[in-house]
Each structure stands twice: as C-alpha cells, then as structure tokens.
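Structure first, then comments.
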Amino acid sequence: MTSRVDILTRVRRNQPAAVALPEVPLFDAVVHDFKFNLERMGGEFATSIDVRKKFPQAKVIVSTVPEVEGNRTLPDDPRQLEDVDVGVVRARFGVAETGSVWLSEREFGVNALGFLPQHLVVLLDPKAIEPNLHHAYRHPAFREARYAVLMSGPSATADIEGILVRGAQGIRSLTVVAC
C-alpha cells in the first residue's frame with residue numbers, strides 16, 4: 001500500500017456522517033429584488049394599503065378580492081369598466097427578476113379590468129414570488145390559463161427626446177401590496 005492510498009483510506013474512514021444541507025430561505029432576497037425591479041419599472045410596492053386613502057378622488061372601485069371592498073361589482077361586459085378609477089385583483093404569483101405580477105382571466109374576471117382603470121392595485125403573497133422567469137414559466141398557472149399577462153408597472157411610452165409618459169395606453173399606476 002502506498003502512502004497516498006493509506007492516507008486516503010484513513011481520511012475516508014474518519015469522515016463524519018453525511019448530512020443534508022440546511023434549507024436556506026430566499027424569501028428576503030426575493031422580495032427585495034421584486035420590490036427593486038417593480039419600482040424600477042414605475043410600479044409601487046406596499047406592505048398594506050387603504051385604497052380609499054391612497055386614491056381619495058376615486059369614484060368607482062371594482063374589486064375581485066374579499067380583502068378590499070369595491071363600490072361596484074364586476075360587470076360581465078368589459079365596456080362597463082370604462083369609468084373605473086381603481087381595479088383591485090390578486091396575482092397568482094410574481095417574478096422577482098422583472099418585478100412582474102402574473103394575472104390571468106381567472107384573476108381579472110374580465111380581462112379589461114387590468115387595462116381600463118386609471119389605477120390597478122394587485123395583492124400578492126410574498127411566498128408566491130418566483131426568483132426569475134425560468135421558474136415562472138414552469139408554474140402550473142401557465143398551463144391552466146387561456147389568457148395571461150406579466151405586468152411590470154404602469155403603461156408608459158417615451159418619444160425620441162426621452163420624455164416619458166406614464167399611463168399613455170392603460171393604467172396610470174400599478175401598486176403591488178404584499179399580503
């Protein structure tokens with residue numbers, strides 16, 4: 001037996017028992033990244049919200065969630081959403097890499113609710129934030145939905161001089177509430 005073999009044999013014999021690596025939660029980093037990227041895209045992140053205080057001028061609020069009471073029920077006809085000031089929905093999940101929330105016909109009830117109101121408030125469970133798009137595309141919700149959108153902020157456009165206009169073709173503000 002060579003010295004090398006002898007040494008390796010002793011090392012292997014005296015190794016501690018293998019243990020599984022501890023689970024390292026990524027919750028804080030994922031929420032931090034989500035918030036950073038959402039705000040970079042013009043959205044707002046909140047940990048709680050009083051819709052009536054945040055939007056005191058809002059006359060029409062349509063909510064699809066029990067946590068926030070609206071003053072108009074969700075209509076079947078999307079044309080009846082033309083005067084909605086605030087829409088409130090719950091996202092199935094978010095994507096930290098892009099600061100996006102994933103919404104489908106199930107969350108909207110009527111797809112136009114995501115685009116016709118002046119302001120959109122989206123409730124999001126922080127535990128439902130995927131780290132990146134690779135993880136997001138594996139989410140079962142993609143296979144279940146006929147229609148879906150990843151929203152990363154309010155509608156915006158800029159001209160050649162670099163003048164940015166928010167709310168040009170859709171919602172003027174997107175507020176994501178972690179709850």
Side-chain angles (χ1 to χ4, degrees), residues 1-51 53-55 63-70 86-109 111 113-115 119-156 158 164 166 170-171 173-179:
M1 189 182 301
T2 66
S3 298
R4 179 179 183 273
V5 172
D6 184 42
I7 291 169
L8 291 175
T9 302
R10 287 181 194 183
V11 168
R12 286 187 190 109
R13 193 174 346 148
N14 292 300
Q15 287 288 315
V19 253
L21 292 174
E23 186 167 329
V24 179
L26 298 174
F27 179 75
D28 291 338
V30 171
V31 172
H32 174 271
D33 291 349
F34 177 86
K35 179 181 183 290
F36 175 81
N37 289 315
L38 172 70
E39 290 173 351
R40 190 171 57 90
M41 297 300 289
E44 183 181 338
F45 185 83
T47 54
S48 66
I49 191 168
D50 181 333
V51 172
K53 280 186 183 176
K54 178 151 178 70
F55 304 102
S63 176
T64 65
V65 298
E67 297 93 335
V68 178
E69 187 178 341
V86 180
V88 184
V89 297
R90 177 173 286 283
R92 184 89 65 93
F93 64 89
V95 183
E97 175 183 41
T98 58
S100 304
V101 288
W102 188 91
L103 299 159
S104 73
E105 74 274 358
R106 178 178 155 198
E107 288 73 35
F108 286 133
N111 293 346
L113 184 60
F115 308 97
H119 309 280
L120 186 63
V121 175
V122 179
L123 309 184
L124 174 65
D125 181 347
K127 294 180 210 140
I129 299 175
E130 299 287 348
N132 58 44
L133 288 170
H134 298 291
H135 287 87
Y137 286 129
R138 290 187 179 129
H139 196 286
F142 270 103
R143 291 182 295 284
E144 297 166 4
R146 293 177 300 139
Y147 168 85
V149 62
L150 283 165
M151 295 183 86
S152 300
S155 162
L164 180 65
R166 296 209 190 275
I171 60 170
S173 75
L174 173 67
T175 304
V176 177
V177 183
C179 64

Looking at every non-hydrogen atom in both residues, tell me the closest pair between [X] and [Y] and how far apart they are.
{"X": "Ser152", "Y": "Thr98", "result": "OG-O, 3.7 Å"}
{"X": "Trp102", "Y": "Ala145", "result": "CH2-CB, 3.7 Å"}
{"X": "Thr9", "Y": "Val5", "result": "OG1-O, 2.7 Å"}
{"X": "Cys179", "Y": "Pro126", "result": "N-CD, 4.0 Å"}
{"X": "Ser173", "Y": "Phe55", "result": "OG-CE2, 3.9 Å"}
{"X": "Asn132", "Y": "His134", "result": "OD1-N, 3.0 Å"}

Non-neighbouring partners of Thr175 that pass side chain to side chain donor-acceptor pair (under 3.5 Å), sequence neighbours left out | none

Determine which pairs satisfy salt bridge (Lys or Arg N to Asp or Glu O under 4.0 Å) with at least one residue from residues 87-99, sequence neighbours left out, and list them in order.
-> Glu67-Arg90, Arg92-Glu107, Arg92-Glu144

Within 6.0 Å of [atom1] in [X], more than 12 heavy atoms from elsewhere:
{"X": "Glu105", "atom1": "CD", "answer": "yes"}
{"X": "Arg146", "atom1": "CZ", "answer": "no"}
{"X": "Phe36", "atom1": "CZ", "answer": "no"}

[atom2] on [Y] to [atom1] on [X], rounded to 0.5 Å:
{"X": "Thr47", "Y": "Lys35", "atom1": "OG1", "atom2": "NZ", "value": "9.5 Å"}
{"X": "Tyr137", "Y": "Glu130", "atom1": "OH", "atom2": "CD", "value": "12.5 Å"}
{"X": "Asp33", "Y": "Arg40", "atom1": "CG", "atom2": "CZ", "value": "10.5 Å"}
{"X": "Leu150", "Y": "Ser104", "atom1": "CG", "atom2": "OG", "value": "11.0 Å"}

Quickly, which of Leu124, Ile49, Leu123, Val121 forms a side chain to side chain contact (heavy atoms under 4.5 Å, CB included) with Val176? Name it, please.
-> Leu124

Among Val122, Leu38, Leu120, whose side chain to side chain contact (heavy atoms under 4.5 Å, CB included) with Met151 holds?
-> Leu120

Flag, side chain of Thr64 to backbone of Val88, donor-acceptor distance under 3.5 Å | yes

With no hydrogens and no angle check, is any side-chain donor or acceptor of Ser100 less than 3.5 Å from a backbone partner on Val95?
-> no

Partner set under salt bridge (Lys or Arg N to Asp or Glu O under 4.0 Å) for Arg13, not counting sequence neighbours | none

Side-chain touch Asn37/Phe45, heavy atoms, less than 4.5 angstrom | no

May I ask you to decide if the ring planes of Phe142 and Phe93 are parallel, tilted or perpendicular, using 30° and 60° as cut-offs?
-> tilted

Please determine if Arg10 and Asp6 form a salt bridge, counting it only when a charged side-chain N lies under 4.0 Å from a carboxylate O.
-> yes

